[in-house]
Amino acid sequence: MYFAALLARTEDGWEASDTELDDVETLSDLTELAREASVDDDTVIVFIEQEDAWFGIVRVEGEDDPRIYVSDGAAAARSSYGEILTKELLGDDQEDDGPDLDALDLDGTEDGEPVEDDDEEESAVTAGAVPEGPVGDRLVLADLGMSEKDLLALESDALSEIADALGAAEVLEAVR
């Protein structure tokens, strides 16, 4: 079960709304959803949480690229919305239309001959391994009142603590 909320900064402070992610299939969809909630290209924070397993923050400001933080990359990668975020963070934002023949190393071993690989770390990364623990921009909320240390310390009820640090706790509680 997911919970998602948008916190949009306005000239009167923060406005909070819960949001449906049913139509979100890509980071572009999520970014567009945030931009629609924005007033005058101000900051919008999209918060996604999967039942205390992980949470993600996407910060959108105007037309700038979104800034992303995920509390547990490995847990998030096992879920549909988390996979959207971790793919972007780890550089795998291409559509999966099958193998990219230009990227394949066709060296004669494709017939099943074993390949000796001295660099196990590199092969784990190329195999698409997602690291456990936090991934992404740890300073995503630093200028809004939540330091990297505070962000990394969040566990359960992270959204409430983030909203409190941003000064948006009351508007968030009204939405919940």
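We're numbering straight along the sequence, starting at 1. For clarity, every value in this text was computed on a predicted model and none was experimentally measured.
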Novice: Do side-chain atoms of R67 reach the backbone of L139 as a donor and acceptor pair under 3.5 angstrom?
Specialist: yes

Novice: Does a sphere of radius 6.0 Å around CD in E25 hold more than 12 heavy atoms from other residues, nucleotides or ligands, not counting ones at 6.0 Å or beyond?
Specialist: no

Novice: Quick test of your reading of the model: are D143 and R59 salt-bridged, counting only N-O distances below 4.0 Å?
Specialist: yes

Novice: Measure the CD-CG distance between E161 and L166 for me, rounded to the nearest 0.5 Å.
Specialist: 12.0 Å

Novice: Would you name the heavy atoms of W14 and L7 that are closest together and state the gap between them?
Specialist: CZ3-O, 3.4 Å

Novice: Same hydrophobic cluster for L89 and L152, using side-chain heavy-atom links shorter than 4.5 Å among ILVMFWY?
Specialist: no

Novice: So, do E173 and S160 sit near enough that their side-chain heavy atoms are less than 4.5 Å apart?
Specialist: yes

Novice: Tell me whether L154 shares a hydrophobic cluster with I68, the cluster being built from Ile, Leu, Val, Met, Phe, Trp, Tyr side chains joined at under 4.5 Å.
Specialist: no

Novice: Measure the shortest side-chain to side-chain distance between V24 and T26 over non-hydrogen atoms and say whether it is less than 4.5 angstrom.
Specialist: no

Novice: Any chance you could lay out the side-chain contact (heavy atoms from CB on, under 4.5 Å) test for E49 and S71, step after step, and finish with the verdict?
Specialist: CA-CA 10 Å; E49 180 179 51; S71 65; over 6 Å; no

Novice: How long is the gap from CG on D40 to CD on E11, to the nearest 0.5 Å?
Specialist: 7.5 Å

Novice: Can you name the closest pair of heavy atoms from I84 and L27 and give their distance?
Specialist: CG2-N, 3.3 Å

Novice: Identify the heavy atoms of D23 and D29 that sit nearest to each other, and give their distance.
Specialist: O-OD2, 3.5 Å

Novice: Kindly indicate whether the side chain of T31, heavy atoms from C-beta on, has any atom under 4.5 Å from the side chain of S28.
Specialist: no

Novice: Do R35 and E63 come close enough that some side-chain heavy atom pair is under 4.5 Å?
Specialist: yes

Novice: I'd like to check T43 versus V60 (side-chain heavy atoms, cut-off strictly below 4.5 Å). Are they in contact?
Specialist: no

Novice: So which atom in G145 and which in A165 form the shortest heavy-atom distance, rounded to 0.1 Å?
Specialist: O-CB, 3.8 Å

Novice: Rounded at 0.5 Å granularity, tell me how far CD in E20 sits from CG in L33.
Specialist: 10.0 Å

Novice: If you take all heavy atoms of E83 and A77, which pair is closest and at what distance?
Specialist: CB-O, 3.9 Å

Novice: ring-ring contact (aromatic ring centres under 6.0 Å, His included) with Y81: which of W54, Y2, F3?
Specialist: Y2

Novice: Any side-chain heavy-atom pair from V44 and V58 closer than 4.5 angstrom?
Specialist: no

Novice: Run the side-chain contact (heavy atoms from CB on, under 4.5 Å) test on M146 and I162 for me, step by step, so that the C-alpha distance in whole Å, both residues' side-chain angles and the decisive distance to 0.1 Å come before the verdict.
Specialist: CA-CA 7 Å; M146 176 154 283; I162 290 169; 3.7 Å; yes

Novice: Assigning hydrophobic clusters by single linkage (Ile, Leu, Val, Met, Phe, Trp, Tyr; side-chain heavy-atom cutoff under 4.5 Å), is L144 placed with L159?
Specialist: yes

Novice: Under 3.5 Å, is there a donor-acceptor pair between the S38 and D41 side chains?
Specialist: no

Novice: With side-chain contact (heavy atoms from CB on, under 4.5 Å) as the criterion, how do I57 and L141 come out once you've worked through the C-alpha distance, each side chain's angles and the decisive distance to 0.1 Å?
Specialist: CA-CA 9 Å; I57 298 166; L141 300 174; 3.6 Å; yes

Novice: Describe, in one word, how the ring planes of F47 and F55 are oriented to each other, choosing from parallel (under 30°), tilted (30 to 60°) and perpendicular (over 60°).
Specialist: parallel

Novice: Same hydrophobic cluster for L151 and I48, using side-chain heavy-atom links shorter than 4.5 Å among ILVMFWY?
Specialist: no

Novice: If I compare all heavy atoms of A75 with all of A53, which pair ends up nearest, and what's the gap?
Specialist: CB-O, 4.0 Å

Novice: Does D64 have more than 12 heavy atoms from other residues, nucleotides or ligands lying within 6.0 Å of its CG?
Specialist: yes

Novice: Under a 4.5 Å cut-off applied to non-hydrogen side-chain atoms, are L6 and I45 in contact?
Specialist: no

